[in-house]
J.: 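Below is one structure. I have some questions about it.
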Amino acid sequence: MQNADIARTFNQLADLLEIQGANAFRVRAYRSAAQTIEGLSAAVSDMIERGEDLTTLGGIGKDLAEKIETLHHSGSLPALDEAGKQVPAGLIELTRIDSLGPKRVKALYDELGVDSLDALKQAAREQRISALSGFGRKTERKILEEADRLHQQAGRTRLDEARQAAEGLRHHIEQCAGVEQVVVAGSYRRRRETVGDLDMLVVAEDGERVMAHVGEWQEIERVALRGETKTTVHLNSGLQVDVRVVPGESFGAALYYFTGSQAHNVAVRKMAVARDLKLNEYGVFESDEQLAGRTEEEVLAQVELPWIPPELRENCGEIEAAQAGKLPELVTRDDIRGDLHMHTTATDGKASLEEMAEAGRRQGYNYIAITDHSQRLAMANGLDAARLREQLADIDELNERLKRFTVLKSIEVDILEDGQLDLPDEVLGELDLCVASIHSRFNLDRERQTERLLRAMDNPHVSLIAHPTGRIVNGRDGYELDMQRIVDGAAERGVCLEINAQPARLDLRDIHARMAKEAGVLIAISTDAHATDQLDHMVFGVDQARRGWLEKDDVLNTRTLPQLRKALKR
DNA sequence: GCCGTTTTCGGCCCGACTGTTTTCAGTCG
């Protein structure tokens, strides 16, 4: 039972309880516990095996700790089965329809027996919904429209795709007269790997004018709602965007509020309440007097907190760290001195050795490492020892011509099923660094996959494990791994782990990067570029590193070349 | 269901928008 499974179970139970009309705070307790568990770097099942007390976790008391243990030992939860008997689980899907929440779903079920999407559509078409008290013709029509849309609705959008949409719309809004500033807040600003929607904040006096201007954007499929200060639109790409207009004196409060996360906001607002203050998107207030609101710094100062980087605002220890003056100084793109993972035309890259070097230099780097694939990856035209040695000679020749820039000799060597490497040790010994990774047999069980990676790290030539979990964002889960053992194993052996900066990989993910930092494992942030323009992906890797609390010293490729060579010695 | 610098009971974050209402409930973020 993984953390995500436990979190999902609690969220399901919360959904069912909500439809039943259970105490809203009880429902919230389940959701908050789910969030806590999802944000943990350690596996809850391991904590139970080690006999740790789960009630030390925030939002988890005696009852929820027992339920987690029940889940861990039996794989199911009687409370969930019980709730499922009270209301059909199919109702949860109905709450995903925009404008249908738990109360209305319950009413539709009680009054009309609606327990599925099809039953809902039929009831709407037969106009039985508008006959109910509290429902009207408009609501009925809207339900029908939204039920049809539900099928085509995408899930969360990858950050790089969201960036395209966000920048386009932001530019459009900036053209509106009277607009002083446009900022994208929400999970986009926190740099989560995917976003559910976009939250845009506009500083302007005339809200009506901005709302009208937004409605004219060419990429809009439809306007879902529109008020004086807030409008929600759906883009052709399927992405939902909320645009809000705020006055300048509230900009900091609004930016803070709409950046979230929700869990972070709730925690900070509680701190305001404890000081007899009210904190909302317009500012910090003592009775009716506004004490702060123009900047995030002055808002946070009212609850005696320093400014907290958005990437950390997940209520996973950042508030406590801020109070103790122990916030990390997060790594930045400017700290990066080189890129340690990229391919050339020798295998499946699109650019030559020399073109990659030139592109690396244009990034402002001091060095890059060329890491083409090894022979096992036949479809990528992987290198055998002889072809690798040819490339090494080419690199020597290139380095003699380059000034104040170094191309490091490397390889992305395949890790075979038994943990052996795909090239002989003697040729690996001729490299500056050896990057190893898995490209096959993703389906081994957890124990064997973990052993496989540990065996690979046993090879003294291995410097770095690339995309350690093999996951693809919105694509596939990583292979089964005991991450704690991988991280501890890397720490013992002096092996580094990669944050692969491809927006589709971002592997390690944030919580595992943080786990590695805590174990003292150095992280390389690398683009895995297969073309020169993909070196630009470095920013996504840096964002992910920041979400993992990494500082400059935690990152291998912030080092100068001599420091790097030293750090690579095992 | 959780939690404690006012509390082991009684609180628990806050506001915009919509539709169906004559003053507000439901939903969403």
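A, B, ... follow the sequence lines: proteins, then strands. Residue 1 opens every chain.
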J.: Is there a side-chain contact between A:Gln240 and the phosphate of B:dG29, meaning an N or O under 4.0 Å from OP1 or OP2?
T.: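 Yes, such a contact exists.
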J.: Using a cut-off of 4.0 Å on non-hydrogen atoms, how would the nucleic acid contact of A:Ile97 be classed: base, sugar-phosphate, or nothing?
T.: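 Sugar-phosphate contact only - A:Ile97 comes under 4.0 Å of backbone atoms but never of a base.
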J.: For the pair made of CD in A:Glu18 and P in B:dG26, what is the distance, rounded to whole Å?
T.: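 The answer, rounded to whole Å, is 12 Å.
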J.: Check this for me: does any side-chain nitrogen of one of A:Lys517 and A:Glu551 sit under 4.0 Å from a carboxylate oxygen of the other?
T.: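 Looking at A:Lys517 and A:Glu551, the cut-off is met.
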J.: Taking A:Gln290 for the side chain and A:Gly283 for the main chain, is one N or O donor matched with an acceptor at less than 3.5 Å?
T.: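 Checked: no pair found.
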J.: Output yes when at least one side-chain N/O atom of A:Lys230 is less than 4.0 Å from OP1 or OP2 of B:dC28, else no.
T.: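 Checking B:dC28 against A:Lys230, no side-chain N or O comes under 4.0 Å of OP1 or OP2.
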J.: Backbone N or O of A:Thr527 within a donor-acceptor pair of the A:Gln502 side chain at under 3.5 Å?
T.: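 Checking the backbone N and O of A:Thr527 against the side chain of A:Gln502, a donor-acceptor pair under 3.5 Å is found.
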J.: NA contact type, A:Val273, heavy-atom cut-off 4.0 Å: base, sugar-phosphate, or nothing?
T.: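 Sugar-phosphate contact only.
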J.: If I take atom CZ in residue A:Arg244 and atom P in nucleotide B:dC14, what distance separates them, rounded to the nearest angstrom?
T.: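 That distance rounds to 17 Å.
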J.: For atom C1', what is the distance between B:dT20 and B:dT27, given to the nearest Å?
T.: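 Their C1' atoms lie roughly 14 Å apart.
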J.: Whole angstroms only, please: what is the CD-P distance between A:Gln290 and B:dC14?
T.: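 It works out to 16 Å between those atoms.
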J.: In whole angstrom, what separates A:Leu100's CG from B:dT18's C1'?
T.: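 Taking atom C1' of B:dT18 as the reference, CG of A:Leu100 is at 14 Å.
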J.: Are A:Asp554 and A:Trp549 side-chain neighbours, meaning at least one heavy-atom pair lies under 4.5 Å?
T.: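 They are not in side-chain contact.
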J.: Rounding to the closest angstrom, what is the interatomic distance between B:dC17 and B:dG11 at atom P?
T.: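 Here B:dC17 and B:dG11 have their P atoms 31 Å from each other.
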J.: Any donor-acceptor pair under 3.5 Å joining the side chain of A:Tyr257 to the base of B:dG29?
T.: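 Side chain to base: pair present.
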J.: Identify, between A:Asn265 and A:Thr55, the residue whose nearest nucleotide on DNA chain B lies closer to the 5' end.
T.: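 Of the two residues, A:Thr55 wins.
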J.: For the backbone of A:Leu481 and the side chain of A:Arg446, can you confirm whether one donor and one acceptor N or O come within less than 3.5 Å of each other?
T.: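 Present.
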J.: Around atom CD of A:Gln262, are there more than 12 heavy atoms of other residues, nucleotides or ligands at under 6.0 Å?
T.: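 Not buried by this count: 12 neighbours or fewer within 6.0 Å.
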J.: Rounded to the Å, how far apart are A:Asp242 CG and B:dG15 P?
T.: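 That distance rounds to 18 Å.
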J.: Which parts of residues 62-85 of chain A get close to DNA chain B, meaning a heavy atom less than 4.0 angstrom away?
T.: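 Of all residues in residues 62-85 of chain A, the ones placing a heavy atom under 4.0 Å from DNA chain B are A:Lys62, A:Asp63, A:Leu64, A:Lys67.
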J.: Taking everything shown except A:Arg485 itself, do over 12 heavy atoms lie less than 6.0 Å from its CZ?
T.: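 Yes, CZ of A:Arg485 has more than 12 neighbouring heavy atoms, counting only those of other groups under 6.0 Å.
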J.: Could you check how far CG of A:Leu198 sits from P of B:dG29, rounded to whole Å?
T.: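 One finds 13 Å between P of B:dG29 and CG of A:Leu198, rounded.
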J.: So what does A:Arg28 touch, heavy atoms closer than 4.0 Å: a base, only the sugar-phosphate, or nothing?
T.: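 Here A:Arg28 touches the bases of the nucleic acid.
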J.: Once each nucleotide of nucleotides 19-24 of chain B is scored for protein heavy atoms under 4.0 Å, what B/S/- sequence comes out, 5' to 3'?
T.: SS----
J.: Mapping A:Tyr282 and A:Ile60 onto DNA chain B by nearest heavy atom, which one lands closer to the 5' end?
T.: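 Whichever sits nearer the 5' end wins; that is A:Ile60.
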J.: Just so I know, are the side chains of A:Leu94 and A:Leu108 near enough to count as touching, which here means a heavy-atom distance under 4.5 Å?
T.: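 Counting from C-beta outward, A:Leu94 and A:Leu108 never come under 4.5 Å.
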J.: Between A:Tyr256 (OH) and B:dG15 (P), how many Å, whole number?
T.: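 After rounding, the gap between these two atoms is 16 Å.
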J.: A:Lys270 NZ to B:dC3 P: how many Å, rounded?
T.: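 A:Lys270 atom NZ is separated from B:dC3 atom P by 9 Å.
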J.: Do the side chains of A:Lys67 and A:Thr9 get nearer than 4.5 Å, heavy atoms only?
T.: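 Not in contact.
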J.: Applying the Watson-Crick and G-U wobble criteria at under 3.5 Å, what pairs with B:dC28? Answer none if nothing qualifies.
T.: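 When the pairing criteria are applied, B:dG15 turns out to be the nucleotide that pairs with B:dC28.
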J.: Looking only at the side chains, is there a donor atom on one of A:His213 and A:Gln175 sitting less than 3.5 Å from an acceptor on the other?
T.: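 A:His213 vs A:Gln175: no donor-acceptor pair found between side chains.
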J.: Looking for any heavy atom pair under 4.0 Å, which part of the strands does A:Gln262 touch: base, sugar-phosphate only, or nothing?
T.: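 If one applies the 4.0 Å heavy-atom cut-off, A:Gln262 turns out to touch a base.
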J.: Report which part of the nucleic acid A:Ser32 touches: base, sugar-phosphate, or nothing (heavy-atom distance under 4.0 Å, all strands).
T.: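 It contacts nothing in the nucleic acid.
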